[in-house]
Number of protein chains: 2
Amino acid sequence: MATRTDAPTRREQILKEAARLFAERGFHGVGVDEIGAAVGISGPGLYRHFAGKDAMLAELLVGISGQLLTGARRRVAEADGEPAGRDPGRVLDSLIEGHIDFALDDRPLITLHDRELDRLRDTDRKLVRQLQRQYVELWVGVVREVYPDLAEPTARSAVHSVFGLLNSTPHLGRPGSLPGRGVTAGLLHRMARGAFAAAGSE
Amino acid sequence: MATRTDAPTRREQILKEAARLFAERGFHGVGVDEIGAAVGISGPGLYRHFAGKDAMLAELLVGISGQLLTGARRRVAEADGEPAGRDPGRVLDSLIEGHIDFALDDRPLITLHDRELDRLRDTDRKLVRQLQRQYVELWVGVVREVYPDLAEPTARSAVHSVFGLLNSTPHLGRPGSLPGRGVTAGLLHRMARGAFAAAGSE
DNA sequence: TCACCTTGTTAATGAGCGTTAACGCATTTC
DNA sequence: GAAATGCGTTAACGCTCATTAACAAGGTGA
């Protein structure tokens, strides 16, 4: 895995600031002038990099969904390749860990993810929905390996609920006021496992 | 408790439809004409009942927060009055039950609750925040009675996370596609307890 | 019957905002 | 060195939309 050390491109700067602003005040609550100001250029200057405000949101949401799905698939594949054979419990732990990393590192994006989906053009929205659905179904499969008694609709509800739990990080206060990243991650992880376990014992 | 059977007032109709529309497309995504149309009058006609669009949102959010807090306080008080003495576990169950009822019965409001708070005038926002904080602290107190080893910041994080879990109902699909209200409520309740239990065993 | 309040209506106003136009200036490319 | 290209700028356009103005009709009470 190549860690990038080069400076972020202008496009990336814009996307990052737009994500933050959209998460803070909503898509309609942010003007292009503000996004421009956040990266040191004027509002219309953004149009050299994006077709419009919608395009920024679309790229953000598609990017998020794709990243989540790709990461999850990688984790499942890694588990399948382990010498000791696939351990469903450890795969689930890995999925949880990945989602928590994302929720803690990209809190603005997590917020956008389930808040501004309706603002997308039809074609983009369908794409994002499809990626999200695949992500969910991947989780559902793993969860049902760990808890075979769980019916599929129940497992799906449980997965959505655990997403709600993990995605609660934006409500946990400013990053500074948290008890430390590792501690928070550990707490969320234990709670997610506890929630699944309770769902599994129906 | 008097169950009201009289017809809803125009104000109430408006608030209900506004809540639904705001939840669906966001505060800025809904025009006053749409809200008016939803109750059979014209956009400006709304101004006979509300000072403005902001006022509708404010009344909704203050109402939600107040209702949640009042209901929770009532449940705690009822538990204190029980002949067998106060059982913290049962109080927690009662709080969870109340929150689930609300999340299932008023899904649009739950969505608004953590999505559009920033759109309020300063004074209203402070009021809502204060009510929310009191609600959270009430939960934190009960949770720490059930799990005395839990440090206060941890308990608070756990409470926020469980709110995230319980408030996930809007993502669980259309009301029709759910496995039935009782089943869903039971699942959410078990998961919440499981999550708290896992948080408590640090 | 007349005044008045309630609850509507449609038309006009005015601000905000996404987008496009027209232009400037480095830097690269041939 | 000239042309093209990348990346900005400011000004202007046009649309949406919350809000207000002006007016109408039904009901109620003196």
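Letters go in sequence order (proteins before strands), and every chain restarts at 1.
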Atom CG of D54(A) to atom C1' of dG18(C): distance rounded to whole Å? 9 Å

Remember a base hit wins even if backbone is also touched, and classify G43(B) as base, sugar-phosphate or nothing at under 4.0 Å, heavy atoms. nothing

Per side chain to side chain contact (heavy atoms under 4.5 Å, CB included), F22(A) is matched among L61(A), I35(A), L109(A) by I35(A)

When the distance from CZ of R119(A) to C1' of dG18(C) is rounded to whole Å, what number comes out? 16 Å

When all nucleic acid strands are considered with a 4.0 Å heavy-atom cut-off, which category describes V30(B): base, sugar-phosphate, or nothing? sugar-phosphate

Please determine whether a side-chain nitrogen or oxygen atom of R10(B) lies at a distance below 4.0 Å from atom OP1 or OP2 of dG8(C). yes

Which whole-number value in Å describes the distance from L21(A) CG to dC17(C) C1'? 15 Å

Using a 3.5 Å distance criterion without hydrogens, assess whether the side chain of R125(B) forms a donor-acceptor pair with backbone atoms of L117(B). no

Taken to the nearest whole Å, NZ/K53(A) to C1'/dT16(D) is 13 Å

Testing dT9(C), dT19(D), dT20(C) for proximity to the side chain of Y47(A), the answer is dT20(C)

Rounded to the nearest Å, what distance is computed from the CZ atom of residue R25(A) to the C1' atom of nucleotide dC17(C)? 14 Å

Please work out if G31(B) contacts a base, only the sugar-phosphate, or nothing of the nucleic acid, heavy-atom cut-off 4.0 Å. sugar-phosphate

Among dT19(C), dA18(D), dG8(D), which nucleotide sits nearest the side chain of I41(A)? dG8(D)

Donor/acceptor link under 3.5 angstrom from R48(A) side chain onto base of dG6(D): no

Where the side chain of S42(A) meets the backbone of P44(A), is there a donor-acceptor pair that is under 3.5 Å apart? no

Ignoring hydrogens and geometry, is there a side-chain-to-backbone donor-acceptor pair from R156(B) to E137(B) under 3.5 Å? no

When rounded to whole Å, the CD1 to P distance for the pair I14(A) and dC7(D) reads 10 Å

Checking contacts here: which listed nucleotide (dT19(D), dG8(C), dT10(D)) is nearest the side-chain heavy atoms of S42(A)? dT10(D)

Closest to the P44(B) side chain: dT19(D), dG8(C), dG8(D)? dT19(D)

Pair F163(B) + H99(B): ring centers closer than 6.0 Å: yes

Under 4.0 Å: is that the gap between some side-chain N or O of H49(A) and OP1 or OP2 of dG6(D)? no

Rounded to whole angstroms, how far apart are CG on L46(B) and P on dG8(C)? 9 Å

